[in-house]
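Structure record follows, encoded as structure tokens.
When reading the values below, keep in mind they use all heavy atoms of this one structure, side chains included, and skip hydrogens, waters and symmetry mates.
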Amino acid sequence: NAGVTQTPKFRVLKTGQSMTLLCAQDMNHEYMYWYRQDPGMGLRLIHYSVGEGTTAKGEVPDGYNVSRLKKQNFLLGLESAAPSQTSVYFCASSYLDTEAFFGQGTRLTVV
Amino acid sequence: AQKITQTQPGMFVQEKEAVTLDCTYDTSDPSYGLFWYKQPSSGEMIFLIYQGSYDQQNATEGRYSLNFQKARKSANLVISASQLGDSAMYFCAMRERGYGQNFVFGPGTRLSVLP
């Protein structure tokens, strides 16, 4: 099993560019999450989904959009990247009442 | 409001000794789960241990144990017989009931194991 796979692993964007981060899980999990990790701040929730076709805002949703058209995929979009979005992004998935399984992370730099 | 507090930004421990990493949480939900994750320098998030709010006994997984004090809202991680490979960031997290069953993370503690 691949578990949770994030694409890409690294990316450098110029301010104002757009991009999409892809998260794919093969564990049939209902719950999927996008977090960003910044030094000293732990992981902060951007958006999440409780099932196919559903999305909801987390703690820091501004500047991001998401879609979950298929149960196994959760996409995170940046429409107009800003330097403040330089971060490490983690996707995670979970069943009800179990631990979260994480992807390897995507290191994004916006210059 | 900060729901997960980890008051130790950094900790040092001698190899083969035990170490306790502190975690306090805040919730009004009677049903919740508490988790610890390890993040080595390579960056991946590794699940270590889980404690449910209704569990009567403290969780244990190999060299990891969770010292759960519900009334004090405390969920400290104890690592016994530290190894050099335990050097990493450690995150405490809570999962509440509610729409998204979201995981809320603390800021982390960086543990350094000294030879």
Side-chain angles (χ1 to χ4, degrees), chain A residues 2-6 8-10 23 25 27 29-61 66 68 74 87-109, chain B residues 1-10 21 23-25 29-55 59 61 64 66 75 77 88-110:
Chain A
V4 180
T5 303
Q6 290 182 231
K9 292 182 175 54
F10 302 94
C23 177
Q25 53 95 2
M27 295 173 282
H29 287 164
E30 290 293 338
Y31 298 88
M32 295 189 74
Y33 309 90
W34 275 108
Y35 290 91
R36 61 177 289 172
Q37 183 180 19
D38 302 293
M41 303 189 75
L43 279 75
R44 292 183 292 168
L45 183 65
I46 305 171
H47 285 281
Y48 63 96
S49 169
V50 302
E52 181 178 313
T54 75
T55 63
K57 294 180 180 180
E59 178 187 357
V60 288
V66 288
R68 192 159 178 210
F74 196 30
S87 188
V88 178
Y89 292 85
F90 283 98
C91 176
S93 69
S94 176
Y95 285 121
L96 183 69
D97 290 335
T98 68
E99 73 270 25
F101 293 77
F102 282 84
Q104 322 93 298
T106 297
R107 186 173 295 275
L108 175 67
T109 302
Chain B
Q2 183 86 350
K3 287 193 171 185
I4 301 288
T5 302
Q6 295 180 254
T7 58
Q8 307 151 315
L21 306 185
C23 173
T24 57
Y25 59 92
D29 193 334
S31 178
Y32 52 89
L34 297 160
F35 303 81
W36 278 91
Y37 284 84
K38 172 184 178 182
Q39 186 179 44
S41 58
S42 51
E44 70 269 30
M45 295 289 288
I46 302 168
F47 166 70
L48 295 178
I49 195 167
Y50 162 80
Q51 179 86 41
S53 59
Y54 293 117
D55 293 343
E61 289 287 348
Y64 304 108
L66 201 153
L77 177 70
M89 282 291 288
Y90 288 81
F91 293 98
C92 179
M94 177 174 63
R95 189 179 199 188
E96 294 177 307
R97 294 287 180 168
Y99 178 67
Q101 290 254 328
N102 296 330
F103 294 81
V104 178
F105 287 81
T109 294
R110 181 170 298 281

Report task. Heavy-atom distances under 4.5 Å only: say whether B:Tyr37 touches chain A with side chain, backbone, both or neither. Result ->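 Looking at B:Tyr37, just its side chain touches chain A.
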**Report entry** Over 12 non-hydrogen atoms of neighbours within 6.0 angstrom of CZ in A:Arg107
**Finding:**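 12 or below, so no.
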Measure the spacing between [atom1] of [X] and [atom2] of [Y] and express it to the nearest 0.5 Å.
X       : Y       : atom1 : atom2 : value
A:Ser94 : B:Phe47 : OG    : CZ    : 10.0 Å
B:Tyr50 : A:Glu99 : OH    : CD    : 9.5 Å
A:Gln37 : B:Met89 : CD    : CE    : 7.0 Å

Report which part of [X] has an atom under 4.5 Å of a heavy atom belonging to chain B: side chain, backbone, both, or neither.
X       : result
A:Thr54 : side chain
A:Ala56 : side chain
A:Leu45 : side chain

Side-chain contact test, heavy atoms from C-beta onward, threshold under 4.5 Å: evaluate it for [X] versus [Y] and give yes or no.
X       : Y        : value
B:Arg97 : A:Asp97  : yes
A:Tyr33 : B:Gln101 : yes
A:Phe90 : B:Gln39  : yes
A:Leu43 : B:Met45  : yes

Query raised in the report: Is there a ring pair (Phe, Tyr, Trp, His ring centres under 6.0 Å) between A:Tyr35 and B:Phe103 once you walk through the steps?
Result: CA-CA 10 Å; A:Tyr35 290 91; B:Phe103 294 81; 7.5 Å; no
Query raised in the report: Sub-3.5 Å donor-acceptor pair from the side chain of B:Arg95 to the main-chain atoms of A:Leu96, do we have one?
Result: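 No: the side chain of B:Arg95 does not pair with the backbone of A:Leu96.
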Query raised in the report: If you count heavy-atom pairs under 4.5 Å with chain B, which of A:Gly40, A:Gly58, A:Ala100, A:Gly105 comes out on top?
Result: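 Among the listed options, the one with the most contacts to chain B is A:Ala100.
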